[in-house]
Amino acid sequence: MHGMISKPPGAATNLATSRLVLLLLVVMTGIAPISLYMLVPALPVLATNFGSDISIAQMTVSLYMVGIALSQLIMGPLSDRFGRRPVLLGGLALMIAASVACIFAQDLPQLIAARFFQALGGAAGMVVSRAIIRDIYERDRVASMISLVVAALMIGQMVSPLTGGLIETAFGWRAIFYAITIAAIIVAVGIAVALPETRRSRAAGSGFRGDVGILIRNRAFVGYVMCQVLASQIIFTFAGGGPYIVVTQMGRSSAEYGAWFATSGFAFLVGNLLCVRFAPRHSLENLIWFGLALQLCGSLLNLIWSFAGWNEAPGWLFGTQMIVMAGNAFVMANSAAGAISIRPEAAGTASGAMGFLQQGIGALMSQFGAYLGGHSTTTLPLTSAVLAISLLCACTMMFVVPRREVMVSEKLIEQAEEEETGMM
C-alpha cells in the first residue's frame, strides 16, 4: 500500500544501539540552533560593514527564529507523509543553498532572506530527530533519549558563540557561513550513508488532516503539548528579562551577565543528564511531576527573595533559577515524549506542532520578559511571571492530562498499534 515501509526484524533494535545514529540525531538536532548562535557575536560587525543600524542586523537572528518555527510546522507532517530521510535531505539541501547565498550576500536584506531559508531547511533536523527517536525507541526510553540529545546539544550551544566569534575575528564574518555550509554538507552525507528510513507503516488513506484531527481530539496529547510549551516559556521569559535586570538594575557588565546566565544552561544540562539516568526506571508521568515540583519550589523561592530584596544580587537570582531549570529539563523532555507517543506513526506531525508553538509563543514571551525586566526597578515582575507560568504548567498536567487510570499507557499504545496493523 502507498506510504508503507517495511523494516526487517531487529532493524529498530540495531538502530537504537548504534552510536553513529545517536551522533547523527545530535548533529541534525543541533545544526540549526548552533548556526543561529554562531552569528550572534558578528552582529555589530555586520551592522558596521553594511552601514545599517544594529536593529536591522538583529533581523538575521529574529527572522531566523521565525524560520525555525515555520520549519517545524511544515517538516513534521511532510516526514510522516514522505518519510524521514527525504525530508531531512531536502531540508539540508535547502540549508546548504541558503548558506552559500549568505556567503555571497551583498547587502543586509539579501543576508536576512538567506538566513530565513537557512533556518527553514536546517530546522528539519530538530523536528524529524524527535520523530526518529519515537520510531526506533520504546516509549519508556523516548524521554531519556530526548534528554541525551538535548544534553549534547546544550554543550554545542554553549561553545557556538565563542566559535563564531573566533572565526569572525580570524577570518571575517563570511567565514562563519563557510563553516556552516561545510557542516551541513557533512551532516547530509552522514544521513545519506548511515541513516535508513525509520518511519512507521501507515494505513491507506491516512494523512495530515486525519493525524491532526486525531491528535487535537486527544486530551493526553493536548495536555502534554501544553505542559511542554508552557515549560519552555519559562526559559524564553527569563532569558528576555535577565539582561535588563543584571546590567541595568544591578549595574553589572554584560560579560558578567553571560557568566551568570551560563549557570542556568548548566542546570538545564544537569537536569537532562539526570533524566537520562532516571527515565528507564520511572514513568514519564512521575518524572514530569518531579520536574514540576522543582519548578514550583524554585520559582516560589525566587519570588520570596524578590519580596525580601535579596534578588538584587545575581547570586540569589540565578542560584534559585538553577533549581527551576533542572526541573524544567524533566518537564520538557518527558512531556515531549508523552506527546509524540500518543500516535507514533504521526510523531512528525506531533513534534512539528509542539516545536512550532514552542518557538512561536517563545518569541512573544521573550519580548514580554524584556518588557518586565526593562520597565521595572526590581526583579518582582519577572519572578512573578515565572511563578505564574510554573503554576499554569502544573495545572495543565493536573486538569488536562487524564488521570493515570485512564492515561495512555504502553499497553494501550501497543493495543492501538495492533488494531491499526489489523486494519492494513
May I ask you to test the [X]-[Y] pair for a side-chain heavy-atom distance under 4.5 Å?
X	Y	answer
N49	L46	no
I136	V21	yes
V222	N218	no
L357	Q228	no

Next item on the list: Scan residues 323-364 for pairs that pass ring pair (Phe, Tyr, Trp, His ring centres under 6.0 Å), counting only residues two or more places apart or in two chains.
Entry: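 For residues 323-364: F290-F330.
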Reported [atom1]-to-[atom2] distance for the pair [X] and [Y], which is rounded to 0.5 angstrom:
X	Y	atom1	atom2	answer
L391	S299	CG	OG	6.5 Å
L287	N334	CG	CG	4.5 Å
M226	S335	CE	OG	12.0 Å
L364	Q359	CG	CD	12.0 Å
C227	M398	SG	CE	11.0 Å
L166	I176	CG	CD1	10.0 Å

Check: What pairs meet the side chain to side chain donor-acceptor pair (under 3.5 Å) rule with one or both residues in residues 392-402, with sequence neighbours excluded?
Finding: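 Counting only pairs at least two positions apart or across chains, no side chain to side chain donor-acceptor pair (under 3.5 Å) contact touches residues 392-402.
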Checklist line | All pairs passing side chain to side chain donor-acceptor pair (under 3.5 Å) where residues 233-243 contributes a residue, at least two apart | finding: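 Residue pairs passing side chain to side chain donor-acceptor pair (under 3.5 Å), neighbours aside: none found.
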Item checked: Neighbour count above 12 (heavy atom, 6.0 Å) for F50 CZ ->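 Atom CZ in F50 is crowded, with more than 12 foreign heavy atoms closer than 6.0 Å.
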Notebook entry, point to check: In terms of heavy-atom contacts, does CZ of R277 have more than 12 from other residues, nucleotides or ligands at under 6.0 Å?
Noted result: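 No, the 6.0 Å shell around CZ holds no more than 12 heavy atoms from other groups.
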Which atom pair, heavy atoms only, marks the closest approach of [X] to [Y]?
X	Y	answer
I342	A220	CD1-CB, 3.8 Å
L296	A394	CD1-CB, 4.0 Å
F238	S264	CE2-OG, 4.3 Å
V400	G223	CG1-CA, 3.5 Å
F236	Q358	CE1-O, 3.6 Å
A385	L372	CB-CD1, 3.7 Å

Next item on the list: Would you tell me whether N286 and S283 have side-chain atoms, one donor and one acceptor, within less than 3.5 Å of each other?
Entry: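 Result is yes, a qualifying pair exists.
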So, the side chain of [X] versus the backbone of [Y]: is there a donor-acceptor pair under 3.5 Å, distance only?
X	Y	result
R174	E168	no
N272	F268	yes
D80	T349	yes
R85	L195	yes
T263	W260	yes
Y64	M59	no

Checklist line | Any residue meeting side chain to side chain donor-acceptor pair (under 3.5 Å) with S79, in chain and number order, not counting sequence neighbours | finding: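 Partners of S79 under the side chain to side chain donor-acceptor pair (under 3.5 Å) test: R84.
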Next item on the list: Not counting sequence neighbours, which residues clear side chain to side chain donor-acceptor pair (under 3.5 Å) with S71? List them please.
Entry: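 S71 satisfies side chain to side chain donor-acceptor pair (under 3.5 Å) with no residue once adjacent residues are dropped.
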Under the side chain to side chain contact (heavy atoms under 4.5 Å, CB included) rule, collect the residues that match up with [X], sequence neighbours excluded.
X	answer
A175	I167, F171
L303	F307, L380, T383, S384, L387
A339	F221, Y224, V225, M354

Margin query: Checking F278 now: which residues fulfil ring-ring contact (aromatic ring centres under 6.0 Å, His included) with it, not counting sequence neighbours?
Written below: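 F278 satisfies ring-ring contact (aromatic ring centres under 6.0 Å, His included) with no residue once adjacent residues are dropped.
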Margin query: Under the criterion side chain to side chain contact (heavy atoms under 4.5 Å, CB included), I'd like the reasoning laid out for L273 against S147: C-alpha separation, chi angles, the key distance, then a yes or no.
Written below: CA-CA 7 Å; L273 293 175; S147 294; over 6 Å; no
Only pairs under 3.5 Å count here: list side-chain donor-acceptor contacts from residues 110-131, not counting sequence neighbours, and write none if there are none.
| residue | atom | partner | partner atom | Å |
| --- | --- | --- | --- | --- |
| Q110 | OE1 | Q106 | N | 2.9 |
| R115 | NE | T60 | O | 3.2 |
| R115 | NH1 | S35 | O | 3.2 |
| R115 | NH1 | Q118 | OE1 | 2.9 |
| Q118 | NE2 | S99 | OG | 2.8 |
| S129 | OG | T29 | OG1 | 2.8 |
| S129 | OG | G125 | O | 2.8 |
| S129 | OG | M126 | O | 3.0 |
| R130 | NE | S351 | OG | 2.7 |
| R130 | NH2 | Q72 | OE1 | 2.9 |
| R130 | NH2 | S351 | O | 3.0 |
| R130 | NH2 | S351 | OG | 3.1 |

Next item on the list: Start with the C-alpha gap between M145 and L22, add the side-chain angles, then the distance that decides, and say whether side chain to side chain contact (heavy atoms under 4.5 Å, CB included) holds.
Entry: CA-CA 9 Å; M145 297 314 300; L22 180 59; 3.7 Å; yes
Notebook entry, point to check: side chain to side chain contact (heavy atoms under 4.5 Å, CB included) between I146 and V149: does it pass, once the steps are laid out?
Noted result: CA-CA 5 Å; I146 290 176; V149 169; 5.9 Å; no
Got a list of side-chain donor-acceptor pairs under 3.5 Å for residues 317-328, not counting sequence neighbours?
| residue | atom | partner | partner atom | Å |
| --- | --- | --- | --- | --- |
| T320 | OG1 | W305 | NE1 | 2.8 |
| T320 | OG1 | W316 | O | 2.9 |
| N328 | ND2 | A231 | O | 2.7 |
| N328 | ND2 | Q295 | OE1 | 3.0 |

Pairs of donor and acceptor atoms involving the side chains of residues 178-194, under 3.5 Å and at least two apart or interchain, shall be tabulated with distances.
| residue | atom | partner | partner atom | Å |
| --- | --- | --- | --- | --- |
| T181 | OG1 | F177 | O | 2.7 |

